[in-house]
Amino acid sequence: MRETEETEYDRSRLAGLSRRTALRLAGVVGAAVSAGPLWTGRASAASPIVKPLPADKFVVYGSNAEMRWESMSGQGELVPVDRFFVRDHTETPRIDAAGWRLKLWGSGLRGAPPEDRPVEFGYDDLRRLPSRTVTARIECAGNGRSFFTSQQGQRVEGTAWGLGAVGVARWRGVPLGTVLRRAGLTTSAVDILPKGLDREYVTGGVNLGRVRRPLPVRKALRDVLLAYEMNGEPLPPDHGFPVRLVVPDWIGISSIKWLGRIEVADRPLYSPWNTQYYRLVGPGYPAGGELVTRQNTKSAFELPWAATLGGGREHVLRGRSWSGTGRVRRVEVSTDGGRTWRHTTPMGAGHGWQRWAIPWRPPGPGSYTVRARATDSSGVTQPDVAPYNTQGYLFGAVVAHPVTVT
Ligand SMILES: Nc1nc2c(c(=O)[nH]1)N[C@H]1C(S)=C(S)[C@@H](COP(=O)(O)O)O[C@H]1N2
Ligand SMILES: [Mo]
């Protein structure tokens with residue numbers, strides 16, 4: 001029903017293009033356009049992620065680490081870097097800002113600079129341009145994926161995230177539009193293809209090339225940031241130092257880290273990250289699947305998984321709800337298995353997400369599940385069941401959070 005700008009975007013790009021063709025195209029691009037490594041080293045052999053991942057703040061899955069939600073208890077709106085989730089396709093590269101260049105090229109720029117003679121910006125060039133600071137959320141499209149299996153009994157591919165592959169930070173940088181215009185953006189440009197400087201991604205014996213995902217120029221000009229600061233500090237290595245994209249409300253893969261190149265084209269662009277991954281594929285979707293762009297609506301309690309609460313007294317259940325489709329209008333909580341729902345009290349202004357709280361006096365010792373469900377500004381409420389897709393993206397159903405009362 002939601003005929004969004006993104007649906008139209010996908011249709012116009014994939015019209016007449018079979019899935020096979022799209023995949024082949026992606027393969028060709030992946031093989032042909034891979035420049036030599038510009039990074040100066042890599043994370044220690046021990047961990048693909050540079051920052052410490054203490055067990056009270058993170059659950060680690062190889063090169064990915066999710067935030068433990070109880071570590072947000074007592075925090076303000078922002079997620080401190082020491083607990084912000086990390087999602088690396090390979091590993092965090094160590095890049096020297098002094099030698100770093102952002103290179104823009106392609107048919108959508110004046111004079112159509114070729115890839116080997118791009119328009120370049122250094123780190124200091126970007127820092128000298130007028131900056132903007134925004135509070136924005138980054139969330140992996142697969143956040144909540146494990147609940148397809150644990151709540152719905154469905155098999156899905158990918159990292160079995162709980163609800164912690166999401167974070168809100170204050171980002172400072174240059175609007176991407178500023179840099180695109182300075183590079184000579186023309187009115188016929190339609191897509192850009194930002195590419196990371198991390199190692200090429202090899203999966204199932206196939207080299208898909210560097211991590212890169214097309215973004216429509218329309219979105220690029222609206223609210224996308226070339227960020228060089230996170231929560232008031234230079235970007236940490238794991239979050240994209242020296243410069244990453246921040247693409248508000250769109251799935252995490254859009255926010256390319258360790259940005260090195262941007263192709264700007266007067267025609268639609270493809271990569272495995274919009275033809276093979278980040279498409280909703282399954283019985284409920286058209287052949288070839290549906291492109292995922294925007295995030296959906298979710299809610300989480302700031303409680304351990306599973307939680308233990310002392311009986312015989314009142315507790316305050318706190319949590320956060322967020323949406324890629326608009327502001328959160330209302331959040332309700334059920335402590336009786338979803339039979340009755342009570343309205344929560346919203347806390348703070350909530351740019352990245354809405355914080356809320358509700359008192360609860362457990363009726364007695366035993367096993368409970370607590371549930372939170374949010375309604376976005378367009379009136380859509382989190383459903384009881386998330387529509388299945390093979391790669392487990394966009395789990396937006398109400399999550400039953402187990403609590404033991406002693
Ligand atoms: N270059 C590059 N950019 C990337 C990725 C990556 O592996 N390489 N992972 C993407 C994915 S899937 C997500 S969810 C976000 C995660 O951002 P974070 O690690 O800062 O939380 O970065 C995106 N940008
Ligand atoms: Mo992601």
Side-chain angles (χ1 to χ4, degrees), residues 34-35 37-39 42-43 48-51 53 57-58 60-67 78-95 100 102 136-145 157-161 163-171 193-203 208-215 224-231 233 235-262 271-274 276-279 292-293 295 324 352 391-395:
S34 44
L38 292 172
W39 42 277
R42 67 174 61 163
I49 296 171
V50 171
K51 69 183 179 184
L53 301 170
K57 297 196 176 70
F58 290 99
V60 180
Y61 317 86
S63 63
N64 307 314
E66 77 173 290
M67 177 188 80
L78 305 182
V79 176
V81 168
D82 69 2
R83 64 207 71 183
F84 203 101
F85 87 102
V86 178
R87 196 291 190 238
D88 287 359
H89 278 70
T90 58
E91 70 217 356
T92 296
R94 303 304 298 258
I95 297 169
W100 176 86
L102 176 62
R137 191 180 56 252
I138 290 187
E139 180 180 16
C140 188
N143 193 27
R145 178 180 284 129
E157 299 154 35
T159 301
W161 301 112
L163 283 171
V166 61
V168 170
R170 203 114 163 96
W171 309 94
L193 183 54
K195 192 197 276 186
L197 292 167
D198 40 341
R199 212 155 46 77
E200 296 181 344
Y201 180 57
V202 178
T203 178
L208 299 181
R210 291 182 191 271
V211 177
R212 60 201 189 284
R213 189 185 208 228
L215 189 71
V224 176
L225 205 61
L226 284 165
Y228 48 70
E229 270 183 21
M230 179 180 186
N231 293 345
E233 303 283 340
L235 271 186
D238 296 309
H239 298 291
F241 183 85
V243 174
R244 80 175 301 167
L245 286 188
V246 172
V247 182
D249 294 330
W250 283 34
I251 57 174
I253 186 62
S254 319
S255 295
I256 295 293
K257 304 191 278 189
W258 316 295
L259 192 60
R261 289 177 176 272
I262 303 181
S271 89
W273 287 268
N274 73 344
Q276 180 176 344
Y277 300 113
Y278 304 105
R279 303 190 68 82
V292 190
T293 54
Q295 280 294 355
Q391 292 172 106
Y393 298 128
L394 300 184
F395 185 91

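Ligands are counted one by one from 1 in listed order, and the atoms in each one are counted from 1 as well.
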Next on the checklist: How close do H239 and F85 get, counting heavy atoms only, and between which atoms?
Outcome noted: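 Here H239 and F85 meet closest at CE1-O, 3.2 Å.
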Item to check | For the student: nearest non-hydrogen atoms of G196 and I256, plus distance | outcome: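 Between these two residues, the closest heavy atoms are N-CG2, 3.6 Å.
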Item to check | Distance in Å, Y201 OH paired with W273 CH2, rounded so as to fall on 0.5 Å steps | outcome: 7.5 Å
Item to check | Any donor-acceptor N/O pair, W258 side chain to P237 backbone, under 3.5 Å | outcome: yes
Checklist entry - Any idea which part of F85 is under 4.0 Å from ligand 1, heavy-atom wise: side chain, backbone, both or neither? => result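 For F85, the contact with ligand 1 is made by both the backbone and the side chain.
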Next on the checklist: Checking contacts here: is it the side chain or the backbone of F84 that comes within 4.0 Å of ligand 1, counting heavy atoms only? Could be both or neither.
Outcome noted: side chain
Checklist entry - Please state which protein non-hydrogen atom is closest to atom 2 (C) of ligand 1 and give its distance, to 0.1 Å? => result D198 OD2, 3.4 Å
Checklist outcome for this item: Nearest non-hydrogen protein atom to atom 15 (C) of ligand 1, with distance, is G252 O, 3.6 Å
Next on the checklist: So for Y278, does at least one of its heavy atoms come nearer than 4.0 angstrom to any atom of ligand 1?
Outcome noted: yes
Checklist entry - Within less than 4.0 angstrom of ligand 1, does R244 place any heavy atom? => result yes
Mark up the atoms of ligand 1 that fall under 4.0 Å of a heavy atom belonging to [X], in ascending order.
{"X": "D88", "answer": "7 (O)"}
{"X": "G196", "answer": "1 (N)"}
{"X": "W258", "answer": "1 (N), 2 (C), 8 (N)"}

Checklist outcome for this item: Heavy-atom proximity to atom 3 (N) of ligand 1 ranks first, among K257, R87, M67, for K257
Next on the checklist: Within the 3.5 Å criterion, strictly below it, is a donor on Y61 or E66 matched to an acceptor on the partner's side chain?
Outcome noted: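 Yes - a donor-acceptor pair under 3.5 Å links their side chains.
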Checklist entry - What pairs with E229 under side-chain contact (heavy atoms from CB on, under 4.5 Å), at least two apart in sequence or on another chain? => result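 Applying side-chain contact (heavy atoms from CB on, under 4.5 Å) to E229 gives R127, R172.
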Next on the checklist: Once salt bridge (charged side-chain N to carboxylate O under 4.0 Å, His left out) is applied, what residue pairs with a partner in residues 236-252 remain, sequence neighbours excluded?
Outcome noted: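 Residue pairs passing salt bridge (charged side-chain N to carboxylate O under 4.0 Å, His left out), neighbours aside: R137-D249.
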Checklist entry - N/O to N/O below 3.5 Å, does that happen between S255 and ligand 1? => result yes
Checklist entry - Under 30°, 30 to 60°, or over 60°: which ring-plane class applies to F84 and W171, parallel, tilted or perpendicular? => result perpendicular
